[in-house]
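Throughout, protein chains are lettered first and strands after them, A, B, ... in sequence-line order, and every chain is numbered starting at 1.
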There are 2 protein chains.
Amino acid sequence: MGRAGVSTLGFATLGLLAGESLSGYDVKLRMAEPVGFFWQAGHSQIYPELAKLEAGGMVVHNDVPQSGKPDKKIYEITAEGLSAVKEWVSEPAKSAPTRDEATLKAYLSWLGEPGEMAAMFRELGRRHEKQMERYLETEAWMRSEWGEPKRFERRRFANYAALKRGVGFEREYAQWCRWVSEKLESSG
Amino acid sequence: MGRAGVSTLGFATLGLLAGESLSGYDVKLRMAEPVGFFWQAGHSQIYPELAKLEAGGMVVHNDVPQSGKPDKKIYEITAEGLSAVKEWVSEPAKSAPTRDEATLKAYLSWLGEPGEMAAMFRELGRRHEKQMERYLETEAWMRSEWGEPKRFERRRFANYAALKRGVGFEREYAQWCRWVSEKLESSG
DNA sequence: GTAAACATGTAACAAGTTACATGATTGC
DNA sequence: GCAATCATGTAACTTGTTACATGTTTAC
């Protein structure tokens with residue numbers, strides 16, 4: 001928890017709501033898609049989080065009655081909530097301790113059969129490569145839709161910057177996987 | 001939890017014990033230093049974990065009485081524990097969902113003052129660069145101590161491979177941070 | 001004398017995952 | 001008919017973090 005008991009998930013939610021008012025369901029969808037590769041949460045985390053934010057005066061909701069489905073709760077950020085995210089966003093990002101199972105397995109790879117280990121890393125590399133390609137497609141879409149990255153307005157640039165991190169991360173990861181699998185193969 | 005209720009932390013611990021018998025305190029030290037950048041745990045997690053592993057027959061301990069300090073418990077991996085790690089290590093690594101606060105802040109950077117945001121990312125970049133340099137020093141030490149990476153025996157290669165991931169990760173991260181801060185500056 | 005290293009544990013809390021629970025509408 | 005989408009929640013559980021708890025030895 002950070003200031004006034006708002007967790008990082010809380011700030012992520014506030015950040016989304018700073019752009020547009022959303023239902024819990026919509027927040028969930030965005031946590032899966034654009035935001036998902038650097039922060040995600042299931043609905044079982046989001047609904048209680050929204051309730052907590054409301055209790056803290058960061059958001060308010062109004063019910064939109066629907067036929068058949070439960071009432072939709074549209075959450076809107078308050079002035080208090082907005083100033084809280086704005087303050088939070090420029091504070092030093094704390095890099096949470098990385099926990100990476102694949103790197104752990106590389107470190108312990110001497111315990112496994114080299115051929116099997118090589119295959120495992122080859123497959124892992126493929127997965128990260130595919131993910132990178134998906135991000136590159138989105139990047140291409142942004143360029144075609146929004147034009148020159150140099151002239152992006154702030155919100156689009158922010159989106160582009162996050163995506164760029166995704167591309168770099170996956171590329172480096174895929175390269176490393178391929179390197180590991182090749183070395184393991186040639187030694188087996 | 002994976003097979004027979006062993007968590008990833010459990011396997012990390014078993015992996016360490018596969019190389020040498022260790023006390024809980026020693027496991028903690030290794031979780032901080034060589035293993036720390038891709039998997040870490042405090043002693044409050046390690047002691048109960050060792051007890052759980054022992055209850056599951058994966059490790060056994062014998063007490064080494066000491067003067068003044070509490071008895072040292074030296075944990076040794078069992079045949080069962082060894083075959084469990086060996087099986088686990090070549091299974092597909094599940095990439096746990098990434099949660100990266102800095103990338104989230106980049107995505108929400110449009111909410112902050114550009115100058116402040118740029119400074120934040122510049123500082124973050126410096127941190128990752130320093131970390132990269134620390135890893136590079138270790139790499140240099142390995143080369144000087146162990147010779148040509150090509151001829152590393154399996155255990156040393158495994159160590160080297162994990163370190164290499166650390167270098168690549170930090171390099172990519174630092175580059176991205178610098179790129180973000182430069183763009184934010186030139187736009188502010 | 002003071003801090004760090006050695007050595008082991010427990011308790012309280014926060015965060016995240018999986019499963020349980022309900023129910024209409026829409027597209028195949 | 002069957003799965004997916006829309007829409008909201010709760011409960012149980014696992015994992016990880018921070019704080020509490022104790023006590024000696026060694027180096028500065």
Per the under-4.0 Å heavy-atom filter, residues of residues 13-31 of chain A near DNA chain D come out as A/S23, A/G24, A/Y25
Ring-plane angle category for B/W146 and B/W141, please: parallel below 30°, perpendicular beyond 60°, tilted otherwise.
perpendicular
Review point. If you take atom types as modelled and just measure distance, does the side chain of B/S44 reach the base of D/dT18 with a donor-acceptor pair under 3.5 Å?
Key: yes
Going by atom types alone, do B/Q131 and B/Y173 pair a side-chain donor with an acceptor below 3.5 Å?
no
Residues at least two apart in sequence or cross-chain that pass side-chain contact (heavy atoms from CB on, under 4.5 Å) with A/A18, listed by chain then number, are A/I77, A/L82, B/W110, B/L111
Which of C/dG16, C/dT10, C/dT17 is nearest the side chain of A/L9? It is C/dG16
Rounded to whole Å, CD of A/E49 lies from P of C/dG16 at a distance of 9 Å
Between NZ of A/K52 and C1' of D/dG9 the distance, given in whole Å, is 16 Å
Between B/Q66 and C/dA7, is there a side-chain N or O to OP1/OP2 distance below 4.0 Å? yes
Here the distance between atom C1' of D/dT15 and atom CD of B/Q40, to the nearest Å, is 13 Å
To the nearest angstrom, the CD-P distance between B/E101 and C/dG16 comes to 11 Å
*Check whether any side-chain N or O of A/R99 sits under 4.0 Å from OP1 or OP2 of C/dG16, and answer yes or no.*
no
Between B/Q45 and A/Q45, whichever has its closest DNA chain C nucleotide further toward 5' is B/Q45
Per atom distances to the B/Y47 side chain, the nearest of D/dA7, C/dT17, C/dG9 is C/dG9
Is a donor from one side chain sitting under 3.5 angstrom from an acceptor on the other, for B/S109 and A/R154?
no
Q: Could you tell me whether A/K164 sits above the aromatic face of B/W179, with NZ or CZ closer than 6.0 angstrom to the six-membered ring centre and within 45 degrees of the axis?
A: yes
Atom CD1 of A/I46 and atom P of C/dT18 are separated, to the nearest Å, by 15 Å
Atom CD of B/E54 and atom P of C/dT8 are separated, to the nearest Å, by 13 Å
>> Checking side-chain polar atoms at under 3.5 Å, does A/S90 have a donor or acceptor matched by the opposite partner on B/E116?
In response: yes
To the nearest angstrom, the CG-P distance between B/D71 and C/dT8 comes to 9 Å
Whole-Å distance, B/L50 CG to C/dG9 C1', equals 12 Å
Quick note, salt bridge (charged side-chain N to carboxylate O under 4.0 Å, His left out) partners involving residues 23-34 of chain B, not counting sequence neighbours, are B/E20-B/R30
